[in-house]
Amino acid sequence: MQYLGNRLRHEIKYYINEGVYHTLRKRLMTVASPDVNMAVDEGYLISSVYFDDLYHAALEEKQAGIRFRKKYRLRCYDRWDGHINLECKRKYGEYIAKSSARIERREYDAIMAGDYDFLAERNEAVCREVYALHSARLLRPAVAVEYMREAYVMEQGNVRITFDKKISTSLHTPDIFSANYEVCSVLPPGIMVLEVKFDDFLPDVVYQILKTAMVDRCAISKYVMCRNTNRRIRFR
């Protein structure tokens with residue numbers, strides 16, 4: 001299935017505890033391979049700076065259950081500024097699609113300083129969209145979301161299964177490269193998020209493994225969790 005040039009993928013999410021995590025991890029390793037980006041067993045650190053506009057549309061639309069929506073973010077890995085992406089994640093009911101553009105550290109810093117003009121000169125659609133939304137609706141960085149991701153992949157069905165652990169939100173600034181950057185956890189100890197992404201079908205062997213230890217699927221948004229925690233802390 002295609003939409004606007006981006007392949008749509010299924011995405012389902014679950015809250016799980018450490019007991020379920022260890023059970024699933026052990027079984028999944030018999031049929032899936034660790035992601036090549038995992039240098040250590042624990043996974044790799046993902047840091048995402050999420051944007052929202054003057055009307056808090058990204059937050060409000062998710063909480064209202066709007067089926068068709070977009071979120072914009074800056075993302076890097078292991079807090080390395082040598083690879084930063086500007087991304088748009090689109091949600092179409094139970095399907096997702098993502099588009100991205102690589103940006104340099106100086107461009108990241110420009111966005112953090114409120115200078116979006118360079119985006120108007122870029123060819124990528126996501127860059128032009130962020131520029132237009134900043135101009136029209138004051139789209140700007142709202143919060144940083146950070147977590148350790150342990151990922152496994154399976155060629156059949158193009159399956160990607162991730163355990164997102166130690167989910168945290170930024171406190172004083174969403175700028176992950178700032179000297180004032182600090183995070184705090186948003187979930188109780190031992191609770192994490194399991195995400196399962198696949199194209200047209202989920203192989204039965206994966207489905208059976210997940211079914212053995214699965215709780216009910218949830219409408220989970222790490223962005224909303226972190227944004228709401230961030231707001232509660234700031235307005236205490």
Open item on the list: Testing the basics here: between P174 and P141, what is the closest heavy-atom pair and its distance to 0.1 Å?
Closed with: CG-CB, 4.1 Å

- [ ] Determine whether V183 and Y223 fall in the same hydrophobic cluster, where Ile, Leu, Val, Met, Phe, Trp and Tyr are linked whenever their side-chain heavy atoms lie under 4.5 Å apart.
- [x] no

Task: Salt bridge flag under 4.0 Å for residues K91 and E61 - done: no

Open item on the list: Do I167 and C226 have side chains that approach each other closer than 4.5 Å (heavy atoms only, starting at C-beta)?
Closed with: yes

- [ ] Answer yes or no: is there an ion pair linking E11 with K89, defined by an N-O contact shorter than 4.0 Å?
- [x] yes

Open item on the list: Can you classify the ring geometry of F177 versus Y108 as parallel (below 30°), tilted (30 to 60°) or perpendicular (above 60°)?
Closed with: perpendicular

Open item on the list: When you compare the side chain of M112 with that of V49, does any pair of heavy atoms fall below 4.5 Å?
Closed with: yes

TODO: Please round to the nearest 0.5 Å and tell me the distance separating atom CG of D53 and atom NE2 of H134.
DONE: 12.0 Å

Task: Value rounded to 0.5 Å, distance of OG1 in T23 from CG in N17 - done: 8.5 Å

Task: I161 and its side chain to side chain contact (heavy atoms under 4.5 Å, CB included) partner, picked from L28, L24, D35 - done: L28

TODO: Check whether V126 and Y92 end up in the same hydrophobic cluster, where Ile, Leu, Val, Met, Phe, Trp and Tyr are linked by side-chain heavy atoms less than 4.5 Å apart.
DONE: no

Task: Flag for R149-Y44: side-chain donor and acceptor within less than 3.5 Å - done: no

Open item on the list: Let me confirm one number: the CG-NE2 distance from D199 to H10, rounded to the nearest 0.5 Å.
Closed with: 8.0 Å

Task: Atom pair NE2/CG of H56 and L54 - distance to nearest 0.5 Å - done: 7.0 Å

Task: Any side-chain heavy-atom pair of M192 and D164 under 4.5 Å - done: no

- [ ] Give, for atom CD1 of I209 and atom OG1 of T30, the distance between the pair rounded to the nearest 0.5 Å.
- [x] 4.5 Å

Open item on the list: Testing K62, R227, R140, R69 one by one against D52 for a salt bridge (Lys or Arg N to Asp or Glu O under 4.0 Å), which residue passes?
Closed with: R227

Task: Parallel, tilted or perpendicular: rings of F163 and Y21 (30°, 60°) - done: perpendicular

Task: Heavy-atom pair of closest approach, residues L119 and I111 - done: CD1-CD1, 4.4 Å

Task: Within one Ile-Leu-Val-Met-Phe-Trp-Tyr cluster: L74 and V143, side-chain cutoff 4.5 Å - done: no

TODO: Check whether V145 and M148 end up in the same hydrophobic cluster, where Ile, Leu, Val, Met, Phe, Trp and Tyr are linked by side-chain heavy atoms less than 4.5 Å apart.
DONE: no

Open item on the list: Whether K222 engages the ring of Y147 as a cation-pi pair (distance to the six-membered ring centre under 6.0 angstrom, angle to the ring normal within 45°) should be assessed.
Closed with: yes

Open item on the list: Do Y15 and V193 make a side-chain contact, defined as non-hydrogen atoms from C-beta onward lying under 4.5 Å apart?
Closed with: yes

Open item on the list: Would you say that more than 12 heavy atoms from the other residues, nucleotides or ligands in this model lie under 6.0 Å from the CZ of F201, or not?
Closed with: yes

TODO: Using the rule that two of Ile, Leu, Val, Met, Phe, Trp, Tyr join whenever any of their side-chain heavy atoms come within less than 4.5 Å, decide whether L202 and I16 are in one cluster.
DONE: yes

Task: Min side-chain heavy-atom separation L45-E146 under 4.5 Å - done: yes

Open item on the list: So Q63 and N228, do their side chains get closer than 4.5 Å, heavy atoms only?
Closed with: yes

TODO: Drop me the distance from K166's NZ to I191's CD1, to the nearest 0.5 angstrom.
DONE: 15.0 Å

- [ ] Decide, yes or no, whether a salt bridge links K165 with E42 under the criterion of side-chain N to carboxylate O below 4.0 Å.
- [x] no

Open item on the list: A side-chain contact here means heavy atoms from C-beta on lying under 4.5 Å apart; do R102 and H83 qualify?
Closed with: yes

Open item on the list: Which heavy atom of A151 sits nearest to which heavy atom of M38, and what is that distance?
Closed with: N-SD, 3.3 Å

Open item on the list: Tell me if the CG atom of D41 is crowded by more than 12 foreign heavy atoms within 6.0 Å.
Closed with: no

Open item on the list: ring-ring contact (aromatic ring centres under 6.0 Å, His included), that's the test. Do Y181 and H172 meet it? Break it down for me.
Closed with: CA-CA 6 Å; Y181 182 66; H172 314 298; 9.5 Å; no

TODO: Report the relative orientation of the aromatic rings in F51 and Y116; use parallel for angles under 30°, tilted for 30 to 60°, perpendicular for over 60°.
DONE: perpendicular

Task: 4.5 Å side-chain heavy-atom contact, C76 and D81 - done: no

